[in-house]
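Comments concern the structure below.
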Amino acid sequence: MLFDTHCHVNDEAYTEDRDAMLQRAIDAGVQYMMCPGTDVQTSAEAIALSHQYPQIYAAVGIHPEDAALATTAGLAQLRQWLQTEDKVVAIGEVGLDYHWPEPSHEIQQDVFIEQVKMAVELDMPIDIHDREAHGDTMDILRQYGKGIRGVFHCYSGSLEMAQELIKMGFYIGFTGTMVFPKSTKLKRIVQELPMDRILIETDCPYLTPPPYRGRRNEPSYVQYVAGEIARLRDMDLADVQRITLENGRKIFRITEMRE
Ligand SMILES: [Zn+2]
């Protein structure tokens with residue numbers, strides 16, 4: 001059994017074959033999926049899928065790339081879902097992305113800070129997107145995130161930063177990028193971290209791992225992330241699957257057991 005803790009199964013890339021794609025995931029042993037929103041609309045779509053599929057849980061949030069479109073009413077809507085929807089298990093995905101020039105760092109930071117404060121206030125885990133913004137992401141968490149817990153999704157920082165995050169209460173999510181042969185730094189981090197803080201994810205439809213690199217990604221391929229961790233740590237694949245699944249249930253506080 002597998003838990004893909006970050007998959008955009010609400011994406012338009014699956015408009016033609018979403019049910020078949022999700023069935024392939026279930027057939028491959030993916031019994032839990034966490035679908036994050038990137039704005040109000042995609043958060044609503046994630047919630048709708050969580051109603052439709054027992055395997056799917058949702059997160060709601062404004063992604064840094066969509067930060068310029070954040071409104072007070074939109075943030076209030078997220079808050080309402082977090083308080084009323086049973087299968088909304090986190091705020092996400094939120095954070096900072098300095099890869100592109102827009103939106104400005106200031107706008108991204110304002111929207112991120114609002115959502116970090118919301119996570120602390122509502123005692124909800126946060127699912128963080130941090131791309132080329134490690135320093136500012138950590139500064140904001142240190143300043144506004146007292147007692148916060150959550151996931152650094154598609155981790156791309158250093159080993160030292162991961163160790164600090166684990167002390168703060170975070171889990172570290174690895175995607176198909178870690179499986180790429182050239183990702184020697186990430187592979188070393190996977191070998192060093194405590195197994196009880198590691199999560200596996202696809203971030204589909206992006207970041208497809210080998211042997212399907214270059215094609216559309218989907219949750220059934222999360223098995224290749226698990227397989228690479230088993231290889232790197234010389235563990236049984238079944239143990240990697242079981243432990244990462246339990247880690248996901250723990251951080252997102254999912255009490256329901258699925259067979
Ligand atoms: Zn994502």
Side-chain angles (χ1 to χ4, degrees), residues 2-15 18 21-22 25 30 32-50 55-70 78 81 87-100 103 108 111-112 115-116 119 124-134 137 150-157 165 170-180 183 186 198-209 212-213 215-222 224-225 244 247-248 251-252:
L2 292 150
F3 191 164
D4 184 349
T5 52
H6 191 111
C7 49
H8 299 276
V9 290
N10 53 351
D11 196 271
E12 61 187 19
Y14 308 112
T15 304
R18 192 174 334 269
M21 175 273 293
L22 289 169
V30 182
Y32 299 85
M33 293 172 251
M34 208 290 285
C35 176
T38 54
D39 59 12
V40 173
Q41 173 65 30
T42 51
S43 295
E45 290 165 8
I47 294 170
L49 281 173
S50 79
Q55 294 85 359
I56 297 178
Y57 293 79
V60 297
I62 313 287
H63 190 283
E65 283 180 48
D66 295 304
L69 303 172
L78 302 185
W81 281 327
K87 291 187 84 182
V88 171
V89 293
I91 298 180
E93 63 178 288
V94 303
L96 301 173
D97 190 326
Y98 292 172
H99 186 71
W100 310 107
Q108 292 189 36
V111 175
F112 182 40
Q115 295 177 100
V116 167
M124 291 294 284
I126 192 162
D127 191 30
I128 291 184
H129 172 106
D130 157 30
R131 189 180 187 195
E132 299 170 25
H134 305 322
T137 303
V151 181
F152 259 62
H153 119 81
C154 192
Y155 189 69
S156 62
L165 285 167
F170 278 90
Y171 289 64
I172 310 294
F174 293 96
T175 62
T177 54
M178 184 273 295
V179 186
F180 299 161
S183 300
L186 284 176
I198 290 176
L199 298 173
I200 55 173
E201 50 178 61
T202 55
D203 200 19
C204 66
Y206 317 106
L207 310 179
T208 313
Y212 296 108
R213 193 172 180 178
R215 295 202 231 163
R216 185 188 72 174
N217 201 359
E218 60 177 58
S220 64
Y221 300 163
V222 79
Y224 300 108
V225 182
T244 52
N247 293 346
I251 186 61
F252 295 127

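Keep in mind it's a predicted model, so treat the numbers as computed, not measured. Atoms within a ligand are numbered from 1 in the order they appear, just like the ligands themselves.
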Are there more than 12 heavy atoms of other residues, nucleotides or ligands under 6.0 Å from atom CD of Glu12?
no

Taking ring-ring contact (aromatic ring centres under 6.0 Å, His included) as the definition, give me every residue that meets it alongside Phe170, ordered by chain and number, with sequence neighbours left out.
Phe152

Does a donor on one side chain sit under 3.5 Å from an acceptor on the other, for Thr202 and Asp4?
yes

Shortest non-hydrogen pair, Thr175 vs Leu207, comes out as OG1-CD1, 3.8 Å

Can you see whether Asn247 engages Thr244 through a side-chain donor-acceptor pair at a distance of less than 3.5 angstrom?
no

Taking the inter-plane angle between the rings of His8 and Tyr206 on a 0 to 90° scale, is it parallel (under 30°), tilted (30 to 60°) or perpendicular (over 60°)?
perpendicular

Near the Zn ion (ligand 1), meaning under 2.8 Å, how many protein N/O/S atoms are there?
4

